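Following: one structure in structure tokens, then a few remarks.
Just so you know, residue 1 is the first one in the sequence shown, and it goes up from there. All values reported here derive from a predicted model rather than from experimental measurement. For ligands, and for the atoms within them, numbers begin at 1 and follow the listed sequence.
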Amino acid sequence: MKYNYKDLGLSNTKEMFKHANENGYAVPAFNFNNMEMMQAIVEGCAEMGSPVILQCSTGARTYMGKETVPMLAMAAVKIARSMGSDIPIALHLDHGPSLEAIKDCIDYGFSSVMIDGSHYDFEKNIAISKEAAEYAHKFDVTVEAELGVLAGVEDDVVADEHVFTQPEEVEEFVSRTGVDSLAIAIGTSHGAHKFKPGTDPKLKHEILSEIETKIPGFPIVLHGSSAVPQEFVATIKEFGGELKDAIGIPDSELRGATKSAVAKINVDTDGRLAFTAGVREVFGTKPGEFDPRKYLGNGKSKMKNYYKTKIANVFGSEGAYKKGTM
Ligand code: G3H
Ligand code: 13P
Ligand code: ZN
């Protein structure tokens with residue numbers, strides 16, 4: 001093992017999820033692709049006193065480099081501590097494709113991993129999720145698996161394209177795999193194009209409630225939960241960007257879920273939109289600007305402010321970790 005997550009100051013998600021479920025909030029899992037996004041996330045969460053999961057996809061890991069990712073995560077811990085904040089911080093592999101990928105991430109400082117077997121049949125999903133959990137647990141790394149399929153990233157997503165999680169399958173799945181948390185499909189979807197403008201997006205809250213009765217207290221994860229803030233879409237378009245008209249998951253649809261066993265909510269697209277709006281705004285209003293600190297700095301600042309608002313309005317995790325309460 002090259003970097004043990006504990007030496008980097010990181011935490012796994014076990015205590016985080018327990019605390020979240022006991023206190024009626026959800027832990028934000030925000031994806032990052034570079035240093036400025038990591039800073040936006042950790043500064044925002046530390047200022048709000050919210051625990052945070054720094055989430056890194058396989059593509060993001062390839063982009064940043066496997067040596068860089070653990071150093072950025074360690075820097076995140078140091079930034080929070082230098083701000084006087086005790087928030088726990090996890091480094092989590094998003095949508096881990098295989099056991100090999102998971103082993104490599106554990107070797108390089110990840111404290112939590114997802115094994116995404118959602119596209120396999122039930123038995124194969126159980127087999128690979130169990131294998132991942134048995135391996136990761138030897139290193140005190142927590143594991144998220146997924147049951148049910150979210151609709152695709154592209155195009156006009158309609159509810160029929162989802163394969164909603166079957167509540168009658170969840171108990172068997174978690175007991176046979178031994179995973180620590182379960183991502184479910186109740187109508188969220190990945191990317192910026194979730195629902196047509198003018199529609200009234202609704203999640204399948206009844207499926208969530210049924211799942212909760214089958215596995216009481218077990219940490220549930222929601223992927224694809226970006227709101228696609230129209231202010232960022234408008235700014236991007238105003239300054240030359242091209243985006244299809246679309247809306248995301250309304251805050252009101254998520255807020256109730258955080259009060260239940262939903263312990264982790266994944267948001268990536270909103271951060272990308274905020275960051276891009278910030279960069280485009282500088283390019284659009286100051287065409288002579290070529291200092292990366294100016295345009296990346298504006299991207300970072302928009303992302304940070306948006307996430308602080310989202311923590312207050314959606315996650316309910318504000319103040320969950322005040323200094324000295326861990
Ligand atoms: O769920 C997918 C995440 O938004 C990561 O996206 O693979 O483009 O980094 P990515
Ligand atoms: P969004 O595309 O809605 O931000 O979802 C992100 C996600 O689920 C990452 O795993
Ligand atoms: Zn996802």
**Prompt:** Below 4.0 Å from any atom of ligand 1, is there a heavy atom belonging to R272?
**Reply:** yes
**Prompt:** Does a side chain donor of either H95 or Q55 reach within less than 3.5 Å of an acceptor in the other side chain?
**Reply:** no
**Request:** Could you list which atoms of ligand 2 come closer than 4.0 Å to a heavy atom of H190?
**Result:** 2 (O), 5 (O), 6 (C), 7 (C), 8 (O), 10 (O)
**Asked** Have E281 and N298 got a donor and an acceptor in their side chains that come within less than 3.5 Å?
**Response** yes
**Request:** Provide the number and element of each atom of ligand 1 under 4.0 Å from a heavy atom of D268.
**Result:** 3 (C), 4 (O), 5 (C), 6 (O)
**Message:** Can you name the atoms of ligand 2, numbered from 1 with element, that are less than 4.0 Å from a heavy atom of D94?
**Reply:** 9 (C), 10 (O)
**Request:** Measure the shortest side-chain to side-chain distance between K130 and R176 over non-hydrogen atoms and say whether it is less than 4.5 angstrom.
**Result:** no
**Request:** Report the part of D94 in contact with ligand 1, treating N, CA, C, O as backbone and CB onward as side chain, heavy atoms under 4.0 Å; options are side chain, backbone, both, neither.
**Result:** side chain
**Message:** What I want to find out is whether D140 reaches K14 closely enough, with some N-O distance under 4.0 Å, to be called a salt bridge.
**Reply:** no
**Message:** I'd like to check which ligand 2 atoms, numbered from 1 as shown, lie under 4.0 Å from a non-hydrogen atom of K194.
**Reply:** 1 (P), 2 (O), 3 (O)
**Prompt:** Going by heavy atoms in the side chains, are T13 and K264 under 4.5 Å from each other?
**Reply:** no
**Message:** Show me which atoms of ligand 2 lie under 4.0 Å from any heavy atom of H95.
**Reply:** 10 (O)
**Item:** atom 8 (O) of ligand 2 - nearest protein heavy atom and its distance
**Value:** G224 N, 2.8 Å
**Working for side chain to side chain contact (heavy atoms under 4.5 Å, CB included), residues L8 and Y3** = CA-CA 8 Å; L8 303 176; Y3 303 110; 4.2 Å; yes
**Prompt:** Any N/O of D270 closer than 3.5 Å to an N/O of ligand 2?
**Reply:** no
**Asked** Backbone or side chain, does any N or O of S57 fall under 3.5 Å from an N or O of ligand 1?
**Response** yes
**Request:** Name the orientation class of the two ring planes belonging to Y307 and F30 (parallel below 30°, tilted from 30 to 60°, perpendicular beyond 60°).
**Result:** parallel
**Prompt:** With a cut-off of 4.0 Å, which atoms of ligand 1 are near a heavy atom of H95?
**Reply:** 1 (O), 2 (C)
**Message:** Please check whether N31 reaches ligand 1 - meaning an N/O of the residue sits under 3.5 Å from an N/O of the ligand, judged on distance alone.
**Reply:** no
**Message:** Taking E253 first and then K202, would you say they form a salt bridge - that is, a charged N and a carboxylate O separated by under 4.0 Å?
**Reply:** yes
**Asked** Can you tell me the N, O or S atom of H223 that's nearest the Zn ion (ligand 3)?
**Response** ND1
**Message:** Under 4.0 Å from a heavy atom of G191: which atoms of ligand 2 are those, numbered in the order shown and with their elements?
**Reply:** 2 (O)
**Test item: side-chain donor near acceptor, N125 and S129, under 3.5 Å** = yes
**Asked** How far apart are the C-alpha atoms of Y63 and N33, what are their side-chain angles, what is the distance that settles it, and do they pass the side-chain hydrogen bond (donor to acceptor under 3.5 Å, both in side chains) test?
**Response** CA-CA 7 Å; Y63 174 75; N33 295 165; over 6 Å; no
**Message:** When you compare the side chain of I247 with that of K196, does any pair of heavy atoms fall below 4.5 Å?
**Reply:** no
**Request:** Could you check atom 2 (O) of ligand 2 against the protein and tell me its nearest heavy-atom contact, residue, atom and distance included?
**Result:** T269 OG1, 2.6 Å
**Which of the ligand 2 atoms, numbered from 1, are nearer than 4.0 Å to a heavy atom of S189** = 3 (O)
**Item:** F283 and Y295 aromatic ring geometry - parallel, tilted or perpendicular at 30°/60° bounds
**Value:** tilted
**Which of the ligand 2 atoms, numbered from 1, are nearer than 4.0 Å to a heavy atom of V267** = 4 (O)
**Item:** Location of contacts on S225 toward ligand 2, heavy atoms closer than 4.0 Å
**Value:** backbone
**Request:** Just jot down the ligand 2 atoms closer than 4.0 angstrom to any heavy atom of H223, in number order.
**Result:** 8 (O), 10 (O)
